[in-house]
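Data first, discussion second: the structure below is written as structure tokens.
Keep in mind it's a predicted model, so treat the numbers as computed, not measured. By convention in this document, chain letters (A, B, ...) are assigned in the order of the sequence lines, proteins followed by strands, and residues within each chain are numbered from 1.
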Protein chains: 2
Amino acid sequence: MSFTEYAEKSLREKGYKLTKPRRQVLEAIEKAEGPMSPYDIGKMMEGKGRHLDQVTIYRVINLLCSLNLVHKVFSRGGYVRCDLQEEEGCHRFLVCRGCGHLQEYRDEALCRQESQVAQKLGFQAEHHVTESSGLCKDCQG
Amino acid sequence: MSFTEYAEKSLREKGYKLTKPRRQVLEAIEKAEGPMSPYDIGKMMEGKGRHLDQVTIYRVINLLCSLNLVHKVFSRGGYVRCDLQEEEGCHRFLVCRGCGHLQEYRDEALCRQESQVAQKLGFQAEHHVTESSGLCKDCQG
DNA sequence: AGCCAAATGCAATAGTGTTGCATTACTGCC
DNA sequence: GGCAGTAATGCAACACTATTGCATTTGGCT
């Protein structure tokens with residue numbers, strides 16, 4: 001199931017309407033190579049002769065983020081599609097400082113250990129957001 | 001050694017000048033309870049009859065961040081002083097979704113494991129940025 | 001005291017994000 | 001297939017975040 005298909009299914013199931021702007025934003029994010037800013041998405045639309053209000057784009061992105069269909073990448077700015085679809089747990093990113101390449105992954109053991117460390121500090125962790133920077137396979141050596 | 005003392009020492013040692021704006025920003029961040037935006041710092045100054053240019057504040061903050069004397073808190077916006085001073089490694093945050101309380105910590109084992117997981121994916125991690133959300137001691141139960 | 005590189009102030013500009021309200025358009029129902 | 005009602009969008013305005021270039025100032029040195 002493609003990203004867009006999965007996202008549209010998720011929206012339906014949760015009772016959200018499947019509107020034209022939402023389809024368009026999903027399509028834009030599906031096609032994008034890396035993180036897109038709402039502004040980028042607007043420009044892409046404009047380039048195709050369509051028009052989408054910036055506010056609408058923000059609202060769509062917020063919705064998609066809240067459903068974990070899209071993630072914000074803090075260290076680079078912008079938003080990317082979630083590549084792990086229905087995989088539960090905390091999704092993390094590896095961000096290459098060489099080429100900017102982004103890889104999403106998930107690791108249950110890491111999540112568990114992180115929560116344990118928090119517990120020792122009296123904190124009950126619910127969600128972890130992690131972005132690691134370094135060098136990807138192609139940029140090493 | 002207080003935050004400001006330590007920061008001023010670090011600046012000197014690395015050859016950065018100890019200017020009035022830098023002292024003022026350090027003082028503001030030292031006193032602040034939680035994350036401050038550059039705009040907040042500007043307003044705080046204005047309130048005391050002093051004036052600091054926004055651009056200058058940004059530049060000072062960027063410098064302090066690059067020296068790890070101050071961290072940006074992505075999930076809340078704004079910047080906080082580093083509470084771990086000279087402790088090496090990746091500094092992480094626990095962010096309470098109840099009261100907004102922020103706690104900084106460090107855990108070498110976690111760091112190592114995170115790098116190992118990345119390694120298995122062919123990625124050579126250098127630095128990890130983590131913010132966990134959940135409930136602090138006071139907000140549980 | 002004076003030098004000078006580093007840092008600041010100012011002006012302009014661009015990107016990011018939010019709110020309120022009137023209008024439109026999905027979805028479910030007949 | 002049309003209708004009703006609610007959810008979502010468009011528009012306008014606004015506020016915050018952040019960057020660049022250049023003229024001017026100043027901290028740290030001799």
Side-chain angles (χ1 to χ4, degrees), chain A residues 4 7-29 32 34-47 49-67 69-80, chain B residues 4 7-29 32 34-47 49-67 69-80:
Chain A
T4 302
E8 294 188 350
K9 178 168 153 279
S10 299
L11 287 173
R12 270 192 202 291
E13 283 175 2
K14 306 230 164 71
Y16 295 103
K17 294 183 179 173
L18 211 46
T19 64
K20 207 183 296 181
R22 285 178 182 165
R23 285 177 203 274
Q24 291 180 347
V25 170
L26 280 172
E27 192 196 337
I29 290 182
M36 300 271 281
S37 73
Y39 180 83
D40 291 335
I41 295 175
K43 274 197 299 187
M44 176 188 271
M45 289 301 153
E46 226 65 64
R50 305 181 212 170
H51 173 76
L52 259 191
D53 191 273
Q54 277 305 112
V55 179
T56 299
I57 299 176
Y58 271 102
R59 285 193 274 228
V60 172
I61 286 181
N62 280 346
L63 176 63
L64 298 176
C65 280
S66 74
L67 299 176
L69 295 165
V70 158
H71 303 300
K72 180 167 189 173
V73 184
F74 292 108
S75 55
R76 289 195 49 194
Y79 302 84
V80 289
Chain B
T4 302
E8 293 188 351
K9 179 167 152 278
S10 299
L11 288 173
R12 271 192 202 289
E13 283 175 1
K14 305 231 164 72
Y16 296 102
K17 293 182 181 174
L18 211 46
T19 64
K20 208 183 297 180
R22 286 179 181 165
R23 285 179 204 273
Q24 291 181 347
V25 170
L26 281 172
E27 192 196 337
I29 289 182
M36 300 271 280
S37 73
Y39 179 84
D40 291 335
I41 295 175
K43 275 198 297 190
M44 175 188 271
M45 289 300 152
E46 225 65 64
R50 306 182 210 168
H51 173 78
L52 258 191
D53 191 274
Q54 278 304 111
V55 178
T56 299
I57 298 176
Y58 272 101
R59 286 193 274 227
V60 171
I61 285 181
N62 280 345
L63 175 62
L64 298 177
C65 280
S66 75
L67 298 177
L69 294 165
V70 159
H71 303 300
K72 179 168 190 173
V73 183
F74 291 109
S75 55
R76 290 195 48 194
Y79 302 83
V80 289

Inset, instruction - Determine: side-chain N/O of B:R59 to OP1/OP2 of D:dA18, distance under 4.0 Å, yes or no. - result: no

Inset, instruction - Work out which heavy atom in B:L26 is nearest to a heavy atom in B:A7; give both atom names and the distance. - result: CD2-CB, 3.6 Å

Inset, instruction - May I ask you to evaluate whether B:T19 reaches the phosphate of C:dT8, defined as a side-chain N or O under 4.0 Å from OP1 or OP2? - result: yes

Legend entry - Least distance between heavy atoms, A:P35 atom then A:G77 atom: CB-O, 3.4 Å

Legend entry - N or O in side chain of A:K17 less than 4.0 angstrom from D:dG5 OP1/OP2: no

Legend entry - OP1 or OP2 of D:dC16 under 4.0 Å from side-chain N/O of B:Y39: yes

Inset, instruction - Round to the nearest Å and state the distance from B:K20 atom NZ to D:dG27 atom P. - result: 7 Å

Inset, instruction - Assign B:Y58 to base, sugar-phosphate, or nothing according to its heavy-atom contacts below 4.0 angstrom with the strands shown. - result: base

Inset, instruction - May I ask you to evaluate whether B:H51 reaches the phosphate of C:dT8, defined as a side-chain N or O under 4.0 Å from OP1 or OP2? - result: no

Inset, instruction - Would you tell me if any nitrogen or oxygen in the side chain of B:K72 comes within less than 4.0 Å of OP1 or OP2 on D:dA18? - result: yes

Legend entry - Ionic contact status for A:E13 with A:K9, cut-off 4.0 Å: yes

Legend entry - Nearest to side-chain heavy atoms of A:V55, which nucleotide of C:dT16, D:dT17, D:dC11: D:dC11

Legend entry - Protein-nucleotide distance (A:I57, atom CD1; D:dA8, atom C1'), rounded to Å: 15 Å

Inset, instruction - Write down the distance between CZ (B:F74) and C1' (C:dG17), rounded to a whole number of angstrom. - result: 17 Å

Legend entry - Below 4.0 Å: OP1/OP2 of D:dT26 and any side-chain N or O of B:Y16: no

Legend entry - Check ion pair A:E8-A:R22 (N to O, under 4.0 angstrom): no

Inset, instruction - Would you kindly give the CG-to-P distance between B:L18 and C:dA6, to the nearest whole Å? - result: 16 Å

Inset, instruction - Indicate whether OP1 or OP2 belonging to C:dG17 is found under 4.0 Å from a side-chain N or O atom of A:N62. - result: no

Inset, instruction - Using whole Å, report how far CZ of B:R12 lies from P of C:dA7. - result: 13 Å

Legend entry - Spacing between A:R22 atom CZ and D:dG10 atom C1', to the nearest angstrom: 14 Å

Inset, instruction - Check whether any side-chain N or O of B:R12 sits under 3.5 Å from a backbone N or O of B:K17 as a donor-acceptor pair, and report yes or no. - result: no

